[in-house]
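Inspection log for the structure reproduced underneath, given as structure tokens.
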Amino acid sequence: MARLCEDLPEECWEIILKKLDHHSHFQSLSLVSKSFLGLTNRFRLNFTLTNQTIFLHGTMSKFLNRFNHLKALDFSKFKGNVDEILDSVFSCGLSIEFLDVSNQERLPVLTGNIRSLKVFKCTNLGCLSDADILSISVVLPFLEELDISYPNNSKFDSNLNLNKFIVTDAGIETLWSSLRKLQRVNISGNHFITDRSVVGLSMNCLQLSEIVMFDCSFITHNSFHFILCNCHHLSVISANRIQIPPRVSSTYVRGLCSVDLSDCDTISDEFLLSIAKACWPLESLSLRRCRGFTLFGISQLLSAYPSLKHLALVKAHFLTDQCVSKLARYLVNLVSINLNSCFPLTTITFVMLVAECPLLEHIEMGRTSVGQVDHFLVVKNKRIKYLNLSGSLHVSDKLLKYIASTCPNMELLNISSTHYTTEMGIADILKICHGMRNFQIADCAGISSLGAGSKLPTLEVLNVARSGFGDEGLETISKRCPGLLKLDMEGCVAATTEQVEELLRRCEKLREINLKECSVKVLSIAARIVSLRRSYLKVTPPSTLSFSNYHKHLWSHGCLLE
């Protein structure tokens, strides 16, 4: 039978391999035969470089030779000089289309003319200047997406010549004069660029479809309005802390599908009415922590867009259960809704969403009053996969039991910082929701165990940080979670070294564990990991003590101490 499977045409295997969630699943397949090894090598399109890779192998050349169909490289987790590595990448003939060099101290040296690169991310660099933007413009002429958000220029002394360490309008001008194919750009966190940059991008990058400009201190409502009046291909616009004009013109922009505005105090009903009249193909609307509008304005907008799929009204203090009841008839096509920090909302709103939104998959009602009112109707919504109730203080075991019966196909549940939940409620959830993949129960002192029950083969991520979990709780994890990939048990002071070692032995797929502020012996645990011969396991130790003398030995055996 194995021989027959191996002889399937490569086209069939390509279809099968594309169904795998992550390239880590290729590892076991590559051990079956040489043909499987060749197939998995060829279908590996993404590679993430870590310090462990270079520390153990000294070079990346062998990986570039082995995975010769790579399209995306991620260096955002690598701490070090990537100049030589990048040089070897682009000299070996790979047609890299996606490159992420975020979180580096500076922009790596870019040489030559890298014609294949379409997406370049360099967010959170230690330093980013106009000279760097010029380098990007020259070396990456066919770039379609650029992220230069949130450079960490604040680390430099104020006495230095800041023009050498910041991005200004002059730098952005080199973008719009060179990168005429640019479609998506994120300039968030660049505090020294002004409306001039945004106007220049919108006038010269004629294919611009997405612009994100959060936390840009000198960008005003003038550029926001200019974009809406001049970017013919605009589909996504995101901004915050700007004065929103009373109304918008829709005579030019006809394809806007996503509007994300945050922390704006001047979102008037008149503005929302003008959006309603624009007749855009709007699918996503986010008004996080915005003020100035009322139920009338938002109801008029939602009535104009019955096809809306994503809605965020975070911290809309005027929203009550009665308000949501009036809006519900416009939400029938919603896929996700975010009502975090709308404190007046109770269980009535949750039940209403479950009953009235048949396509809903994602609900966020953290820091609300869900659980304060008992309003349990016999309804069921099998499409709901994600539910966040973190910080909602009234969540109880009774509510969890109702949620389990109402949303049986839930895959992610976050009930962190809820003080009235116990193992009984956890047991009810896990008994019914067999497909649970991600369970967040951090800061729940009343929960010390997953309880008894059958195994949870789909559970991959579990967060029990600062909860009541001790040895008994870890034992239930060991017995019930054979597929666990990531465990956060920060601050679980009652856990012992012996029980953690037993958990590592039983949970064979575990790849990351956080032991910060736990009373365990990390070197003993690391020795156990080495003895188990795991391919890779990242461990966050209990304290910040230096383990530099042990790093190389442990890394060579698959144990990465962070």
Could you go through Glu144 and Gln207, starting from their C-alpha distance and side-chain angles, then the distance that decides it, and tell me whether this counts as side chain to side chain contact (heavy atoms under 4.5 Å, CB included)? CA-CA 9 Å; Glu144 297 176 2; Gln207 298 183 42; over 6 Å; no
Full working for side chain to side chain contact (heavy atoms under 4.5 Å, CB included) between Ile513 and Met489: CA-CA 7 Å; Ile513 184 169; Met489 48 179 291; 4.1 Å; yes
Walk me through it: do Thr123 and Asn186 pass the test side chain to side chain contact (heavy atoms under 4.5 Å, CB included)? CA-CA 9 Å; Thr123 183; Asn186 188 341; over 6 Å; no
Kindly indicate, with the supporting measurements, whether the criterion side chain to side chain contact (heavy atoms under 4.5 Å, CB included) is fulfilled by Met203 and Phe226. CA-CA 10 Å; Met203 290 185 65; Phe226 189 91; 3.7 Å; yes
Any chance you could lay out the ring-ring contact (aromatic ring centres under 6.0 Å, His included) test for Phe214 and Tyr150, step after step, and finish with the verdict? CA-CA 9 Å; Phe214 290 122; Tyr150 297 103; 8.1 Å; no
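With a 4.5 Å cut-off on side-chain heavy atoms, Leu295 and Leu327 count as touching. A heavy-atom distance below 4.5 Å is not found between the side chains of Leu400 and Asp428. No side-chain heavy atom of Asn438 sits under 4.5 Å from any side-chain heavy atom of Tyr386. For the pair Cys257/Ser284, no side-chain contact is recorded, criterion being any heavy-atom separation below 4.5 Å from C-beta on. Side chains of Phe293 and Leu301 form no contact here, defined as non-hydrogen atoms less than 4.5 Å apart. Put simply, the side chain of Met213 reaches to within 4.5 Å of the side chain of Ile227, judged on heavy atoms. Using a 4.5 Å heavy-atom cutoff, the side chains of Val370 and Thr349 are not in contact. Here the side chains of Phe350 and Thr368 are not in contact, with every heavy-atom distance at 4.5 Å or above.
Looking at every heavy atom in both residues, Asn381 comes nearest to Pro408 through O-CD, 4.2 Å. Minimum interatomic distance between Cys264 and Ile242 (heavy atoms only, all atoms of both residues): SG-O, 3.7 Å. Closest of all the heavy-atom pairs between Ile298 and Leu272 is N-CD1, 3.7 Å. In terms of heavy-atom proximity, Asp195 sits nearest to Ile219 at OD1-CA, 3.3 Å. Summarising the geometry of Ile187 relative to Val198, their closest heavy-atom pair is CD1-CG2, 4.2 Å, with the distance given to 0.1 Å. Nearest heavy-atom pair across Ser336 and His310 is OG-ND1, 2.8 Å.
Checked by atom type and distance alone, the side chain of Arg480 pairs as donor or acceptor with a backbone atom of Gly451 at under 3.5 Å. With hydrogens and angles disregarded, no donor-acceptor distance shorter than 3.5 Å links the side chain of Thr421 to the backbone of Asp397. At distances below 3.5 Å, at least one donor-acceptor pair connects side-chain atoms of Ser416 with backbone N or O atoms of Ala442. Between the side chain of Ser325 and the main chain of Asp321, no donor-acceptor pair closer than 3.5 Å is present. For Ser369 (side chain) and Phe343 (main-chain N/O), a donor-acceptor pair under 3.5 Å exists by modelled atom type. In this structure, the side chain of Asn409 engages the main chain of Lys382 through a donor-acceptor pair within 3.5 Å. At least one donor-acceptor pair closer than 3.5 Å links the side chain of Asp169 to the backbone N or O of Thr194. In this structure, the side chain of Glu423 engages the main chain of Ser449 through a donor-acceptor pair within 3.5 Å. Of the possible polar contacts, one joining the Thr458 side chain to the Met436 backbone as a donor-acceptor pair under 3.5 Å is found. No donor-acceptor pair closer than 3.5 Å links the side chain of Asp215 to the backbone N or O of Ser188.
More than 12 heavy-atom neighbours from other residues, nucleotides or ligands sit within 6.0 angstrom of NZ on Lys118. The number of heavy-atom neighbours closer than 6.0 Å to CD of Gln243, taken from other residues, nucleotides and ligands shown, is 12 or below. Under a cut-off of 6.0 angstrom, the local environment of CD in Glu472 is sparse, with at most 12 non-hydrogen atoms contributed by other residues, nucleotides or ligands.
A distance of 11.5 Å separates CD1 of Ile384 from CG of Leu413, quoted to the nearest 0.5 Å. Cys481 contributes atom SG, which lies 5.0 Å from atom CG of Leu456 (distance to the nearest 0.5 angstrom). Between the CZ atom in Phe47 and the CZ atom in Phe75 there is a gap of 8.5 Å [rounded to 0.5 Å]. Here the straight-line distance linking atom SG of Cys444 with atom NE2 of His419 works out to 8.0 Å at 0.5 Å rounding. Note that the SG atom of Cys518 and the CZ atom of Phe469 stand 12.5 Å from one another [nearest 0.5 Å]. The line from CG of Leu308 to CG of Leu331 is 8.0 Å long, rounded to the nearest 0.5 Å.
There is no side-chain donor-acceptor pair under 3.5 Å between Gln440 and Asn414. With no hydrogens or angles considered, no side-chain donor-acceptor pair links Asn152 and Asn124 at under 3.5 Å. Of the N and O atoms on the side chains of Ser268 and Glu270, not one donor lies less than 3.5 Å from an acceptor on the other residue.
Exactly one residue among Asn204, Leu146, Val167 makes a side-chain contact (heavy atoms from CB on, under 4.5 Å) with Leu175. That residue is Leu146.
Residues satisfying the salt bridge (Lys or Arg N to Asp or Glu O under 4.0 Å) criterion with Glu361, sequence neighbours excluded, are Arg383. Evaluation of the side-chain hydrogen bond (donor to acceptor under 3.5 Å, both in side chains) rule for Asn190 yields no partner, not counting sequence neighbours.
Under 4.0 Å is where a charged nitrogen must lie from a carboxylate oxygen, and between Arg288 and Asp260 at least one such pair does. For the pair Glu460 and Arg437, the salt-bridge criterion is met [side-chain N within less than 4.0 Å of a carboxylate O]. A salt bridge links Glu490 and Arg466; the closest N-O separation between the charged side-chain nitrogens and carboxylate oxygens is under 4.0 Å.
By the 30° and 60° cut-offs, the orientation of the rings of Phe271 relative to Phe224 is tilted. Ring geometry for Phe218 against Phe192 counts as tilted: the plane angle lies between 30° and 60°, on a 0 to 90° scale.
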